[in-house]
Amino acid sequence: MKDFMQQAIAEAEKAAQRGEVPVGAVIVDSASNTVIAAAGNRVEERQDPLAHAEMLAIRAALEKQGGKYLESCDLYVTLEPCPLCAAAISLARLRRIYFGAYDPKSGGTEHGPRIFDHDTCHHKPDVYGGLEESRCAALMTDFFSQIR
């Protein structure tokens, strides 16, 4: 588990080097325990507000798996998913989410709209927050202190 979060952190660090908000995501096939997709934010590079790390990783994993669901897959991401990503996670039916830093301002799973708590949510994954929390939070703090 820790190795997968380290890979997500590496994706976040690469995103920061590109001038992106440092969020990284890795999707793991739980049956084989292998990474099937990894991504970092590319919102600025693509000028696409939907190019969040989770969204890019979900698209890549779906393409690789050849279906519309990721029921046997787990997501490792450095920041609590926003509402957009939480909805996509639900629709893709990811099995579990492991995230690093909590996001009280823009989070959508443990904060804000808490997407998975709604009766209308199609699928609720197991959610585990706080993995490598201080390191993931430091990525965000360092990034924003450099651009301000």
Side-chain angles (χ1 to χ4, degrees), residues 1-2 4-16 18-133 135-141 143-144:
M1 181 180 334
K2 190 171 181 171
F4 299 131
M5 185 54 82
Q6 295 304 322
Q7 289 180 47
I9 290 169
E11 291 294 330
E13 291 170 340
K14 288 189 266 184
R18 293 190 304 271
E20 300 281 352
V21 173
V23 178
V26 171
I27 295 181
V28 176
D29 181 329
S30 63
S32 64
N33 208 36
T34 58
V35 173
I36 59 169
N41 274 357
R42 292 188 179 273
V43 172
E44 300 303 324
E45 175 185 304
R46 295 185 180 182
Q47 293 294 288
D48 178 357
L50 306 179
H52 293 198
E54 301 97 319
M55 299 291 285
L56 298 173
I58 289 169
R59 287 178 184 146
L62 289 168
E63 197 171 299
K64 185 169 186 176
Q65 297 286 81
K68 67 177 183 177
Y69 299 125
L70 299 170
E71 296 168 309
S72 67
C73 295
D74 300 335
L75 170 69
Y76 292 80
V77 61
T78 57
L79 184 66
E80 175 185 348
C82 71
L84 167 76
C85 293
I89 288 163
S90 176
L91 292 171
R93 297 186 184 170
L94 282 152
R95 186 178 78 129
R96 291 186 181 135
I97 304 169
Y98 299 93
F99 71 85
Y102 290 86
D103 189 354
K105 181 179 176 187
S106 301
T109 60
E110 303 296 310
H111 295 89
R114 299 177 188 258
I115 298 297
F116 305 134
D117 291 345
H118 291 267
D119 290 339
T120 56
C121 183
H122 296 286
H123 168 75
K124 180 180 177 161
D126 296 329
V127 179
Y128 305 92
L131 274 72
E132 298 286 332
E133 181 179 3
R135 186 164 174 208
C136 293
L139 284 170
M140 299 297 286
T141 303
F143 176 79
F144 285 109

Rounded to the nearest 0.5 Å, what's the gap from [atom1] on [X] to [atom2] on [Y]? Could you check?
X: Leu91; Y: Ile58; atom1: CG; atom2: CD1; result: 9.0 Å
X: Arg18; Y: Arg42; atom1: CZ; atom2: CZ; result: 3.5 Å
X: Arg114; Y: Cys121; atom1: CZ; atom2: SG; result: 14.0 Å
X: Ile89; Y: Thr109; atom1: CD1; atom2: OG1; result: 7.5 Å
X: Met140; Y: Asp103; atom1: CE; atom2: CG; result: 6.5 Å
X: Cys73; Y: Ile97; atom1: SG; atom2: CD1; result: 12.5 Å

- For the residue pair Met5 and Val26, establish whether any side-chain heavy-atom pair is separated by less than 4.5 Å.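 Counting from C-beta outward, Met5 and Val26 never come under 4.5 Å.
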
- Side-chain contact, heavy-atom cut-off 4.5 Å: Ile9 with Leu139?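 Yes, their side chains come closer than 4.5 Å.
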
Which heavy-atom pair separates [X] from [Y] by the least distance, and what is that distance?
X: Glu11; Y: Gly24; answer: CB-CA, 3.8 Å
X: His118; Y: Pro113; answer: NE2-O, 2.8 Å
X: Glu20; Y: Val43; answer: OE1-N, 3.0 Å
X: Glu54; Y: Val23; answer: OE1-CG1, 4.3 Å
X: Ala57; Y: Ala37; answer: O-CB, 3.4 Å
X: Ser30; Y: Arg95; answer: CB-NH2, 3.3 Å

Counting N and O atoms only, with roles assigned by atom type, does the side chain of [X] sit under 3.5 Å from a partner on the main chain of [Y], one being a donor and the other an acceptor?
X: Thr78; Y: Ala8; value: no
X: Glu80; Y: Pro104; value: no
X: Gln65; Y: Leu62; value: no
X: Asn41; Y: Ala53; value: yes
X: Ser90; Y: His123; value: yes

- Around Glu63, counting heavy atoms of other residues, nucleotides and ligands shown, do more than 12 lie under 6.0 Å from its CD?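 Not more than 12 within 6.0 Å, no.
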
- Verify side chain to side chain contact (heavy atoms under 4.5 Å, CB included) between Val127 and Phe99, making sure each step is shown before the conclusion. CA-CA 8 Å; Val127 179; Phe99 71 85; 3.7 Å; yes

- Message: Salt bridge or not between Arg135 and Glu13? Use side-chain N to carboxylate O under 4.0 Å.
- Response: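 Yes, this pair counts.
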
- Given the rule in the side chain to side chain contact (heavy atoms under 4.5 Å, CB included) test, do Leu56 and Arg46 qualify, once you have shown the distances and angles that lead to the verdict? CA-CA 12 Å; Leu56 298 173; Arg46 295 185 180 182; 3.2 Å; yes

- Can you pull the ring-ring contact (aromatic ring centres under 6.0 Å, His included) pairs that have at least one residue in residues 42-88, sequence neighbours excluded?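 Residue pairs with at least one partner in residues 42-88: Phe4-Tyr76, Tyr76-Tyr98.
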
